[in-house]
Amino acid sequence: MMDLFQRSIFEENLALSFFLGMCTFLAVSRQVKTAVGVGISLIVVQGISVPMNHLLYAYVLGPGALAWAGLGDVDLNFLRLITFLGIVAALVQVLEMVLERYAPALHAAMGIYLPLLAINCAIIGGSLFMVERDYDLAQSAVYGLGTGIGWALAITAFAAIRERLRYADMPRGLEGLGAAFIVAGIMSMGFSAFAGVSLP
Amino acid sequence: MALKQLSDPLIDKNPVAVHILGICSALAVTTSMSTALTMSVALTVVVTLAAGIISAIRVHIPNQIRIILQLTIIATLVIVADQLLQAFAFGMSQRLTVFVSLIATNCIVLGRTEAYAMHNPPVPAMLDAMGNGLGYSLVLMVVAAIRELFGAGTLFGFQVLATQAEGGWFVPLRLMLLAPSAFIILGLLIWALRAWRPWLAEAREFALREAKPEARP
């Protein structure tokens, strides 16, 4: 379990080794402050949506999952993608309303990033990987949390580097996104070095 | 006019290299040219059909629920594409893992339907969408060609450079097949494009000032 947690944060970092959530990763990494905000929002959404989608897959969508309702031979697997999309969109909406009502300070800090996450591929991708790799409920909770933390870590570090890079003297065409990609590449190399780390 | 809608997104308004949309899959599936080609075809077909359908019913779509409606239509098309791949090219669908499903969250598709198909009749909308699909494909094929050629010495699986393992001279650069090289190649590609078309470079967020020599007392 510890191993899965560690692996989902570092070695299998969603942003840097699976390229998921790249659009958001590049678009909101101009400042560390916004990067931290979107990172925390992603941890929350990912931590809730992956186990939730697991329950849905295990009891409604998967092959033979409807056995409890006497429909053992129904396979709704093809509805997986559209259901996950709906769940994530609804979750984001509900989370925003709950935060606004009970934690206005938190809502002010991360409210504007929540809608962005509704169609973030890191979130949908996390749920799809969970299905593909057959995680059980506890594993998918750990995996959701781990990938969320990993993504937040990557975007925060990346934003910090980009903030420094803004005033660097480099060729005109490389400024901005060109350099951002190369920095991401170098960071990705660094993260892949974590593959050698193993916890007992 | 119609040709312009098709050709503009290839270079000057390229969705990947200029607008930086749809990066996730552009980086992930480019380890070999055959996966990149499959992904390109799937995305081009999905975006063209989605733009056509959404544009055809655009006057009936209530404004408040347009995003969720577009997502539903796109997701349906993506599921069809995914099921077709699983039925007729199972090996390829295994190699693409979740990335075919992730076309549904690809910003290019939602971007084209939201920005163009919602306000234009079906034929120009489909042309525009197809142009963007082809622009995406172009970048994917270029990145995949570089990665596959230098990473394994092959193109589409055919041996081009004789590798050392088979008695040739070429030592494959394994790094090309790993994640970091995808980022770096795309970064260099963007640099090349912006050097060729300087007006695409980003505006600076700050102004440079000439340093004045201090007046000596």
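Order of the sequence lines fixes the chain letters, A, B, ..., with proteins taken first and strands second; residue numbering starts at 1 for each chain.
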Problem - Segment of Ile185(B) engaging chain A (4.5 angstrom heavy-atom cut-off) - result: neither

Exercise for the section: Assess whether atom CZ of Phe150(B) is packed by more than 12 heavy atoms of other residues, nucleotides or ligands within 6.0 Å. Expected result: no

Completion exercise
Given Ile82(A), Leu79(A), Val131(A), the one with more heavy-atom pairs under 4.5 angstrom with chain B than any other is Ile82(A)

Practice task
Give, as side chain, backbone, both or neither, the part of Ala15(A) having an atom under 4.5 angstrom from any heavy atom of chain B.
Solution key: backbone

Exercise for the section: Side chain from CB out, backbone as N, CA, C, O: work out which of these in Ala182(B) comes under 4.5 Å of a heavy atom of chain A, or both, or neither. Expected result: side chain

Exercise for the section: Please state whether the side chain, the backbone, both or neither of Thr72(B) comes within less than 4.5 Å of a heavy atom of chain A. Expected result: both

Handout entry: Which atoms of Ala104(B) approach chain A - backbone, side chain, both or neither, heavy atom under 4.5 Å
Key = side chain

Exercise for the section: State, to 0.1 Å, how close Arg194(B) and Glu175(A) come at their nearest heavy-atom pair, and which atoms those are. Expected result: NH1-O, 3.4 Å

Exercise for the section: Taking the side chain as every heavy atom from C-beta outward, state whether Trp191(B) and Met170(A) have any pair of such atoms under 4.5 Å apart. Expected result: no

Completion exercise
Honestly, the part of Leu174(A) sitting under 4.5 Å from a heavy atom of chain B is both

Practice task
Start with the C-alpha distance between Phe78(A) and Gln86(B), add both sets of side-chain angles, then the distance that settles side-chain contact (heavy atoms from CB on, under 4.5 Å), and finish with yes or no.
Solution key: CA-CA 11 Å; Phe78(A) 66 96; Gln86(B) 279 183 23; over 6 Å; no

Practice task
With rounding to the nearest 0.5 Å, note down the distance linking CD1 in Ile186(A) to CZ in Phe183(B).
Solution key: 11.5 Å

Problem - Flag side-chain contact, heavy atom, 4.5 Å: Ile23(B) against Leu26(A) - result: yes

Exercise for the section: Check the pair Asp82(B) / Leu81(A) against side-chain contact (heavy atoms from CB on, under 4.5 Å), numbers first and verdict last. Expected result: CA-CA 10 Å; Asp82(B) 192 25; Leu81(A) 177 65; over 6 Å; no

Problem - Close side-chain approach of Leu175(B) to Met189(A), heavy-atom, < 4.5 Å - result: yes

Practice task
For Met187(A), look at atom CE and say whether over 12 heavy atoms of other residues, nucleotides or ligands are found less than 6.0 Å away.
Solution key: yes

Fill in the blank from the handout: Taken to the nearest 0.5 Å, the spacing of Leu102(B) CG from Leu128(A) CG works out to 5.5 Å

Handout entry: Closest contact, heavy atoms only, Cys23(A) versus Cys107(B)
Key = SG-SG, 2.6 Å

Practice task
May I ask you to name which of Gly86(A), Ala179(A), Pro171(A) has the most heavy-atom pairs under 4.5 Å with chain B?
Solution key: Pro171(A)

Exercise for the section: State, with a plain yes or no, whether a side-chain heavy atom of Ile190(B) is found less than 4.5 Å away from one of Phe181(A). Expected result: yes

Practice task
Show your reasoning for whether side-chain contact (heavy atoms from CB on, under 4.5 Å) applies to Ile124(A) and Val98(B).
Solution key: CA-CA 9 Å; Ile124(A) 304 290; Val98(B) 300; over 6 Å; no

Practice task
Measure Ile74(B) against the heavy atoms of chain A and call it side chain, backbone, both or neither at under 4.5 Å.
Solution key: neither

Problem - Approximate separation, where rounding is to 0.5 Å, of Ser17(A) OG and Leu27(B) CG - result: 12.0 Å

Problem - Segment of Phe84(A) engaging chain B (4.5 angstrom heavy-atom cut-off) - result: neither

Practice task
Supply the atom-to-atom distance Leu85(A) CG to Leu71(B) CG, rounded to the nearest 0.5 angstrom.
Solution key: 6.0 Å

